[in-house]
Amino acid sequence: MNEVLRVEHLTHTYSPGTPFEKTAVDHVDFTAHRGEFIGLIGHTGSGKSTLIQHFNGLLTPTEGRVLINGEDIHQNKDMTRAARFAVGLVFQYPEYQLFEETVFKDVAFGPKNMGLEKDEIDRRVRENCRIVGLPEDVLEKSPFELSGGQKRRVALAGIFAMEPEVMVLDEPMAGLDPAGCADVFRFIREYHQKHGTTIIFVTHSMEYAAQMSQRIVVMDHGKILMDGTPDQIFARSDELLAAGLDVPQVTQVFLELKRRGINVDSAVYTVEQAAACLRALKEGGAAC
Amino acid sequence: MLKDITLGQYFPGGSPLHRMDPRSKLLILILYIVTIFVVKGFFPYLLCVLALIAAVIVSTIPPKMILRSLKPILIIVLFTGLLNLFYTPGVELFHLWIFKITREGIATAAAMALRIILLVASTSLLTYTTSPMSLTDALENLLGPLKKIKVPVHEFAMMMSIALRFIPTLIEETNKIMSAQKARGADFESGSLFSRAKALVPVLVPLFVSAFRRAEELATAMECRLYRGGEGRTRLHSLRYGRVDLIAAILSAALCGGAIALHILL
């Protein structure tokens with residue numbers, strides 16, 4: 001696979017030399033390939049937010065390097081700026097960054113900073129507003145008039161419209177109702193399929209990670225604890241629980257079944273797998 | 001860029017200076033400042049300097065931090081020193097063109113510079129060892145008698161606490177919004193002064209929106225908990241004079257008395 005983003009021995013220490021000193025990311029190596037959908041998991045304070053801010057050069061590593069398409073993003077100022085556009089970063093609660101008079105202008109802020117042509121900006125704004133399900137008539141409204149869920153969509157469209165090579169989303173579903181979550185979920189997937197963008201999806205919910213990702217990276221105490229396909233990760237569910245992380249509810253049920261002596265595979269992480277597994281057990285009595 | 005602003009500059013720790021009642025620290029500081037401005041002469045100042053050094057050692061604050069607090073006043077110290085050096089009449093030691101240096105000039109210049117340095121260093125020591133919150137509590141308590149003449153002391157103290165409480169929050173918020181806009185390609189570091197000021201609009205608008213939202217939420221939360229002002233309010237952490245405070249009071253009284261005695265006798 002084609003590698004697009006790589007970090008080598010990345011370490012980041014906040015406030016070095018004071019009593020507040022804290023190493024948030026500790027010698028992390030990580031590679032993302034083109035078109036991958038990666039779930040980045042870890043509980044609060046595990047260093048995931050610090051890590052992702054290195055991907056587009058917002059934070060400078062205390063130690064180590066960040067490479068985009070094989071080039072160090074801190075070798076000069078132009079490269080750092082190019083990294084901002086190559087890696088789109090959606091922060092937590094991105095609706096708090098809206099500032100323009102109209103939704104259109106706000107979504108166009110990123111593309112405009114990239115120095116794109118007017119027609120191209122127009123195309124990208126309209127197209128991405130459609131992807132996130134914003135009706136045309138909203139474009140001329142003030143973002144501050146919209147509901148919370150719609151503001152979130154505007155903010156996401158703002159990053160989508162930059163059409164980055166890698167898109168990092170930090171808890172994009174936080175604080176939304178189930179229907180809102182499902183919508184966000186759907187259009188991130190739609191965008192991924194349409195553009196073949198590498199998506200890094202940060203969450204503390206195993207549920208989402210299990211449903212969405214082809215690859216899951218688990219962080220704990222500033223280090224990468226596990227990295228692999230959902231099958232590989234959830235095969236080690238007991239370790240996840242030991243690290244204080246959640247596992248999907250289905251997996252919890254299967255862990256409990258196994259504990260009670262029923263011969264099932266505890267690496268089950270979706271409801272479909274669970275159904276298939278239980279059916280097999282019922283019919284053949286064999287392990288799934 | 002914003003992390004360099006250290007407001008309040010509180011340096012957490014467990015030294016006796018940290019544990020002292022903020023009221024006694026405040027009063028001792030005032031006494032100390034009065035002392036350094038009352039006394040004159042080599043030995044009284046030596047005593048004051050030694051006392052401050054002793055306090056810094058007890059506080060476990062790195063001496064480097066105290067020196068750093070002196071950096072901004074370097075120019076003022078130099079300026080006052082030079083003015084005093086050249087414009088104090090007295091026994092002439094040295095003459096060059098219109099400048100003349102007198103023995104009294106040297107003494108006054110050294111004294112003034114030392115006074116300013118001690119003033120700032122001792123005040124920094126207070127803010128390094130006392131959290132802004134306990135300072136406000138101490139102020140409210142010490143200014144309590146003013147309530148008798150209808151000065152809204154509690155309200156001022158509450159406003160100050162809230163303001164202090166929200167400075168780090170707002171700084172954090174500003175950093176977050178700046179990062180978010182930088183991620184969208186906003187550029188705060190290059191361009192003319194005008195374009196840089198304009199680049200701040202995407203930061204200021206969300207910041208104001210969130211500041212107002214926070215203020216409203218806080219007001220609601222306070223009302224939900226039946227906040228009605230200072231009348232009849234008790235505290236979770238009530239201020240208490242302890243043994244450390246007694247020792248500190250005795251030591252500082254001795255210092256003040258000693259310095260003044262030396263000043264009169266010598």
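The analysis underlying the following values was restricted to heavy atoms, covering all of them including side chains, and did not include hydrogens, waters or symmetry mates. This one's a predicted model, so the numbers in the text were calculated from it and none came from an experiment. Just so we're on the same page: letters track the sequence lines, and every chain starts at 1.
- The interface of residues 106-121 of chain A with chain B, defined by heavy-atom distances below 4.5 Å, comprises A:Asp106, A:Phe109, A:Gly110, A:Asn113.
- At a 4.5 Å heavy-atom cutoff, the contact between A:Leu89 and chain B is made by backbone and side-chain atoms alike.
- The candidate from B:Lys176, B:Glu173, B:Gln181 with the greatest count of non-hydrogen atom pairs under 4.5 Å with chain A is B:Gln181.
- In this view, A:Pro61 and A:Leu10, A:His54, A:Val66, A:His74 satisfy the side-chain contact (heavy atoms from CB on, under 4.5 Å) rule, not counting sequence neighbours.
- Closest non-hydrogen pair, A:Gln97 versus B:Ala180, comes out as OE1-CB, 3.0 Å.
- When all heavy atoms of A:Phe99 and B:Arg184 are compared, the closest pair comes out as CE2-NH2, 3.8 Å.
- Residues of residues 165-173 of chain A never come closer than 4.5 Å to chain B when only heavy atoms are counted.
- The nearest pair of heavy atoms linking A:Met162 to B:Ala183 is CE-O, 3.5 Å.
- Within 6.0 Å of the CZ atom in A:Phe37, the count of heavy atoms belonging to other residues, nucleotides or ligands exceeds 12.
- For A:Glu140, there are no side chain to side chain donor-acceptor pair (under 3.5 Å) partners two or more places apart in sequence or in a different chain.
- At a 4.5 Å heavy-atom cutoff, the contact between A:Tyr96 and chain B is made by backbone and side-chain atoms alike.
- In the displayed structure, B:Phe208 atom CZ is contacted under 6.0 Å by at most 12 heavy atoms of other residues, nucleotides or ligands.
- Within 6.0 Å of CD on A:Glu101 lie no more than 12 heavy atoms contributed by other residues, nucleotides or ligands.
- By the 6.0 Å contact criterion, CD on B:Glu216 is open, its count of non-hydrogen atoms from other residues, nucleotides or ligands being 12 or less.
- For A:Gln92, no part lies near chain B; criterion is any non-hydrogen pair under 4.5 Å.
- Summarising the local packing, CZ of B:Phe79 is surrounded by 12 or fewer heavy atoms from other residues, nucleotides or ligands at distances under 6.0 Å.
- Across all their heavy atoms, A:Arg84 and B:Lys182 have their closest contact at CD-O, 3.2 Å.
- Counting heavy atoms of neighbouring residues, nucleotides and ligands inside a 6.0 Å radius, atom NE2 of A:His221 does not exceed 12 of them.
- Between atom CD1 of residue B:Ile177 and atom CZ of residue A:Phe91 there is a gap of 11.0 Å, rounded to the nearest 0.5 Å.
- With a threshold of 4.5 angstrom between heavy atoms, B:Ser210 does not approach chain A through any atom at all.
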